[in-house]
Amino acid sequence: MPNKRPIDLRSDTVTAPTPEMRRAMAEAEVGDDVFGDDPTVNRLQERAAELLGKEAAIFVPTGCMGNLISVMMQAPAGSEILVAENSHIHTAEAAAYARCAQVNKWPLKVDRFGRLDAAEIVRSIHKGHGLPGGNSHHATTSLLCLENTNNFCGGTVQTAAEMRAVADAARAKAPWIKVHLDGARLFNAAVALKVPARELAAVADSVSFCLSKGLCAPAGSVICGKKDAIVQAHALRKMLGGGMRQVGVLAACGLLSISEPMTARLAEDHANCRRLAEGLAELPGIAVDLETVQTNILFFEYRGPKGDAAWLAGALSAEGARCLALGTRVRMVTHRDVTRAQIDEVLRIVGRLLK
Ligand SMILES: Cc1ncc(COP(=O)(O)O)c(C=O)c1O
């Protein structure tokens with residue numbers, strides 16, 4: 001398919017800024033944000049905090065930095081953090097937690113929906129030296145990290161009650177424990193569950209969410225939490241090299257990202273993902289767990305007479321449709337820059353390839 005833009009299903013991070021965002025960038029009022037002088041950044045932070053029901057917020061360059069700062073502001077060096085075994089924090093953020101945060105990660109099992117088990121959390125909480133009943137063999141557990149939606153389970157959602165149950169179990173055993181929510185795609189979860197994002201954020205002491213995935217901003221994430229934690233986050237962002245200047249040009253896009261038309265639009269991506277999953281499920285050699293297709297991410301296993309997941313991704317790419325092969329699985333992610341007609345085209349191409 002020469003001369004045609006590829007249909008890019010590798011990730012929702014490939015979305016380009018919308019025409020409104022490009023206009024907003026040109027017109028953004030800016031200042032030096034390291035001095036707190038950028039009015040557009042300040043507006044984004046206030047609006048994000050309000051939407052998530054938190055006291056304050058800070059704009060950061062990326063989701064990885066949002067998670068790292070959130071961990072560093074709540075988990076002292078030498079402590080231990082509980083993470084889902086397949087979480088982005090545990091599997092896809094380089095060695096940041098060992099090198100920068102100096103914490104030990106304690107991986108927890110997840111079910112196919114990305115849900116944690118309260119009993120395992122309770123068993124995994126450790127009290128180290130210095131705490132009543134502490135044991136010098138252990139690092140003290142300081143933080144429980146949740147992820148909603150869960151990327152590597154296929155964009156699965158957890159309800160506020162499910163998150164509350166595991167957080168309450170942790171806090172009942174260890175009242176000092178804080179909860180961080182990696183809500184890179186929190187608005188996808190909120191739209192899928194038809195609840196306000198603040199309802200999902202309520203369980204967490206800190207929440208980070210990305211503006212630059214399905215919400216189409218060219219860059220940026222936001223951490224929301226208590227005022228004193230966000231003051232600390234400013235120092236940590238500086239230390240990690242993430243202090244930014246006239247970054248209102250990006251925050252202007254972020255304000256559009258968290259506006260109702262953009263967040264509500266995510267439902268279209270979810271419907272496209274569902275259509276894609278149901279179509280693929282009909283094809284030979286493809287195994288899709290349709291129950292886990294809840295938002296805009298789809299994983300499926302592929303093995304057939306012509307090859308494996310890597311073969312299929314390569315063959316699709318040659319036909320003008322891009323996706324990711326991850327081990328035995330293929331990942332496809334729907335977003336604003338993939339239309340329903342293109343979803344149908346991908347189904348036709350895959351159908352032809354697997355004949
Ligand atoms: C669940 C989750 N958390 C964090 C991130 C990191 O975001 P970023 O790529 O902006 O650093 C991602 C990126 O895909 C993600 O899927």
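Read the numbers this way: they start at 1 and go in the same order the structure lists the ligands and their atoms.
- Applying the 4.0 Å criterion to heavy atoms of Arg185 picks out, from ligand 1, the atoms 14 (O), 15 (C), 16 (O).
- With ligand atoms numbered from 1 in the order given, ligand 1 contributes 10 (O), 11 (O) to contacts under 4.0 Å with heavy atoms of Thr62.
- The protein non-hydrogen atom at the shortest distance from atom 15 (C) of ligand 1 is His88 CD2, 3.2 Å.
- The closest approach between Lys213 and ligand 1 falls below 4.0 Å for a heavy atom of the residue.
- His335 and Thr15 share no side-chain donor-acceptor pair at under 3.5 Å.
- In summary, the side chains of Gln246 and Asp32 do not present any donor paired with an acceptor at a separation below 3.5 Å, with no hydrogens or angles considered.
- The two residues Lys355 and Lys306 come nearest to each other via the heavy atoms O-NZ, 3.3 Å.
- Remark: ligand 1 and Ala184 share no N or O pair separated by less than 3.5 Å (distance only, no angle test).
- Donor-acceptor pairing under 3.5 Å is lacking for the side chains of Thr149 and Gln294.
- Residue-ligand proximity, Gly63 to ligand 1, at heavy-atom distances under 4.0 Å covers atoms 6 (C), 7 (O), 8 (P), 10 (O), 11 (O).
- The shortest N or O to N or O distance between Ser212 and ligand 1 is not below 3.5 Å.
- Listed for the Gln74 side chain is a donor-acceptor partner under 3.5 Å among the backbone atoms of Ser70.
- Inclusion of Glu147 in the set of residues having an N or O under 3.5 Å from an N or O of ligand 1 is not warranted.
- Across all non-hydrogen atoms, the minimal contact from Ser142 to Ala75 is OG-CB, 3.2 Å.
- Close contacts of ligand 1 with Asn67, meaning ligand atoms under 4.0 Å from a residue heavy atom, involve 3 (N), 4 (C).
- An N or O contact shorter than 3.5 Å links Asp182 to ligand 1 by distance.
- Counting heavy atoms under 4.0 Å from ligand 1, residue Met65 does not touch it at all.
- For the residue pair Asn151/Arg331, the side-chain donor-acceptor check at 3.5 Å is satisfied.
- Residue Glu93 has at least one heavy-atom neighbour below 4.0 Å for each of these atoms of ligand 1: 4 (C).
- Between His138 and His126, the ring-plane angle classifies as parallel under the 30° and 60° cut-offs.
- Relative orientation of the His88 and Phe152 rings is parallel, given thresholds of 30° and 60° on the angle between their planes.
- Of all the atoms in ligand 1, the ones that sit under 4.0 Å from a non-hydrogen atom of Cys64 are 6 (C), 7 (O), 8 (P), 11 (O).
- Numbered from 1 in the order shown, with element, the atoms of ligand 1 that lie under 4.0 Å from a heavy atom of Asn151 read 16 (O).
- Side-chain atoms of Asn188 and His270 include a donor-acceptor pair closer than 3.5 Å.
- No N or O atom of Cys210 sits closer than 3.5 Å to an N or O atom of ligand 1.
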